[in-house]
Amino acid sequence: MSASSVDLETLRHSTAHLMAAAVCELFPGAEYGIGPSIEDGFYYDFLLPGGTHFSDEDLPAIEARMHEIQGRHSQYQRSELARAEALLEFRRLGQRFKVDLIERIPEGEVISCYRTGDFFDLCRGPHVPETGAIPAFKLLHTAGAYWHGDETQPMLQRIYGTAWNSQAELDLYLERLEMARKRDHRRLGRELDLFSLSDELGGGLVLWHPNGATVRTVIEDHWRREHRRRGYQLVYTPHVAREQLWETSGHLGFFADEMYGPMEVEGERYRIKPMSCPFHILIFSSRRRSYRELPMRLAELASVYRFQRSGTLHGLLRVRGFTQDDAHIFCAPDQAEAEVAGVLDMVQEMMARFGFNQVEIDLSTKPAKAAGQDEMWELAEAALERAIQTRGLDFKLNPGEGAFYGPKIDVHIRDAMGRRWQCATIQFDFNEPERFGLEFIGADGLAHRPMMVHRTLLGSMERFFGVLLEHYGGALPLWLSPVQVQLITVSDDQLDYALGVAARLEQAGFRAEVPDRPGERMQAKIRDGELAKVPYLGVIGKREVEAGTVNLRSTREGEQVVLGIDQLIERLRLEAAQS
RNA sequence: GCCGACGUAGCUCAGUGGUAGAGCAGCGGUUUCGUAAACCGCUGGCCGGGAGUUCGAAUCUCCCCGUCGGCUCCA
């Protein structure tokens, strides 16, 4: 037990060393890669000798050895080595990954190492003073990981663990993990009968059940309304197109790996669409465009299909068929900044409406290999950055991480397990307008090339719905709930009255239902309503029928009030507008 | 795709070489009840698929498929 709290990053990194020390003792000859601290914990990558692997069952033994080493109170001893010395030492130890790392360290930089008992590691530090100074840790699971994340490199085995300043904090964290598992969207999807995935259907393809479809419709209706309000024009485009179109757009050149194979129709090859941009471009170029028509904002809820490797599929968050809330903005260069700003405002508004007040913004700029002229890149990057800054938003700059065809802003939100998922993206494209020879006639009577922006706000209906479910733990706000009110009768005698109330609520625009379970006890129906996370349960017995009221139980606040039907409608209206 | 784990009824899970089980759900009946589970009964399984070992396999071995945790990639 340490009284003073150690910086968590240091603590976790030191725990990673402790774990590596234990692994090296238990598996002599193990090679080790990197072992950083990460959010909520740490990991270390290993390659065991003789092609052996450890599994989750080895973790308790490793943990036990870690505790044993802690008992020895080994110091974390720092030393600085000359480059040649370090290379020699790690070659002697047979640690090829460390040798690789040293070779990547720029000349002239200090090479520091840490020794903990017999364990010797290349490491920048800092560390806790000794192994006993780690109050609480736990190993969590193993995973495969390529060296340098490169699939041409050997695959190492990674052990993930977590470490905290006290047992209580560790317990709290483990509890948090358990809570997160409970609000996993895949579990909620089944429990609330929202969607399913089926082996018979095929991987990464989603079946939206009636409840899920209801929520999606509400989201889509809201989305369309907002887009019309902000000067977007809604369009529809097909699901397939001639292969030639994908040649022209360049997708077959740089995106073919993610596209499904061709199908032949009357000797002509067609492809299922992985993106909508070429279609929207064809709409733009279907006739001569004037500068007066710019900016032209074309939006569509577009279902696309992309091949994803089987190991990457994940519930609704990573699928093969999904519906993007896609839009393409064609504008003049001097309109670019205002357009980006408009999109950013829209992202924030949209996210806030769905309860996401914290988003993470990344700005990715020009990579080494890039299409388009430098001044276009500069203009676009400046537009993106200024739009972020004038809104007072934080962002992370990723230099050189942009696509080859343009810089971009990505917006991430997090799932229940803390994993980051990209949703909104605002992406300039200097490539496609060029390839399709897009132009508009300017005030000067001459043809000019428009700038083009791809953007999505929610990302895809599937992913957004998944993250949304986890965000609310399945208890969606009133306006999104598939069933907003259930009317529960004390006995079957009140069924007619309940159906009448339901009809009035439906008429007022709410989704209300009367559970069809003759003879079932009220308590059972209440329990079902609670488990289904229906926001309001209107209990109706003799008293309510006589008084023309409903005894409203809020499943969220646990509150209970008697309301007349008009009052009930008024209350629902108010809440639906706000939440 | 790669590394590891897992796959038993619709769901959650028990069953480690000797006749496939429980709870919930579903169905049938009885019950008409005041804020989180009424009672009784019934149905339901090629134990993911295939091959092998064995007198005998849910159980042991191999291959395949799928799922999960990661790696890479991405909305």
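Every chain is numbered from 1 and lettered A, B, ... according to where its sequence line falls, protein lines coming before strand lines.
Here A:L317 contributes atom CG and A:H185 contributes atom NE2; the two are 4.0 Å apart, rounded to the nearest 0.5 Å. Here the straight-line distance linking atom OH of A:Y472 with atom CZ of A:F354 works out to 8.5 Å at 0.5 Å rounding.
Look at A:R553 and you'll find a side-chain N or O under 4.0 angstrom from OP1 or OP2 of B:A36. Residue A:R186 places none of its side-chain N or O atoms closer than 4.0 Å to OP1 or OP2 of B:U67. Between A:H314 and B:G69, a side-chain N or O to OP1/OP2 separation shorter than 4.0 Å is present. In terms of phosphate contacts, A:Q523 brings no side-chain nitrogen or oxygen within less than 4.0 Å of OP1 or OP2 of B:A37. An OP1 or OP2 oxygen of B:A38 is reached within less than 4.0 angstrom by a side-chain nitrogen or oxygen of A:R521.
Residue A:Q560 has its side chain nearest to B:U35 when only B:U35, B:G34, B:C33 are considered. When each of B:C71, B:A37, B:G4 is scored by its nearest atom to the side-chain atoms of A:T142, the top-ranked nucleotide is B:G4. Comparing B:C73, B:C2, B:C71 by their nearest atom to the side chain of A:R158 picks out B:C71. Checked against B:C11, B:C71, B:A36, the side chain of A:R527 finds its nearest nucleotide in B:A36.
We find that CD of A:E191 is positioned 14 Å from P of B:A25, with the value rounded to whole Å. Taking atom CG of A:D410 as the reference point, atom P of B:C74 lies 10 Å away to the nearest angstrom. The CZ atom of A:R320 sits 11 Å away from the C1' atom of B:G1 (whole-angstrom rounding).
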Query raised in the report: Checking salt bridge (Lys or Arg N to Asp or Glu O under 4.0 Å) for the pair A:R176/A:D40: CA distance, chi angles, key distance, verdict?
Result: CA-CA 11 Å; A:R176 186 148 61 84; A:D40 292 335; 3.5 Å; yes

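Taking 4.5 Å as the limit, every side-chain heavy atom of A:T489 sits out of range of all side-chain heavy atoms of A:Y497. Residues A:F307 and A:Y260 have side chains in contact (heavy-atom distance under 4.5 Å, counting atoms from C-beta outward).
For B:G70, its base never sits under 3.5 Å from the side chain of A:Y146 at any donor and acceptor pair. Between the side chain of A:Q157 and the base of B:G70, no donor-acceptor pair under 3.5 Å is found. In this model, a side-chain donor or acceptor of A:N551 finds a partner on the base of B:U35 within 3.5 Å.
Ring-to-base geometry does not place A:Y160 in a stacked arrangement with B:G70 (centre distance under 5.5 Å, plane angle under 30° required).
When only modelled atom types and interatomic distance are considered, A:N211 and A:D193 share no side-chain donor-acceptor pair under 3.5 Å. In this model, a donor atom of one side chain and an acceptor atom of the other lie less than 3.5 Å apart for A:D100 and A:H148. A donor-acceptor pair shorter than 3.5 Å can be found between the side chains of A:H209 and A:S196.
For A:R527, the side chain to side chain contact (heavy atoms under 4.5 Å, CB included) partners two or more places apart in sequence, or in a different chain, are A:L531.
Base-pair partner of B:U31: not found among the strands shown (Watson-Crick or G-U wobble, both distances under 3.5 Å).
A residue-by-residue look at A:A145 and A:F307 shows that A:F307 has its nearest nucleotide of RNA chain B further toward the 5' end. In terms of position along RNA chain B, the nucleotide closest to A:R309 lies nearer the 5' end than the nucleotide closest to the other residue of the pair A:R309 and A:K408.
For residues 491-501 of chain A, proximity to RNA chain B is found at A:S491, A:D492, defined as any non-hydrogen atom under 4.0 angstrom from a strand atom.
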Report summary line: Letter by letter from the 5' end, nucleotides 39-45 of chain B scores (B base, S sugar-phosphate only, - none; protein heavy atoms under 4.0 Å) -------

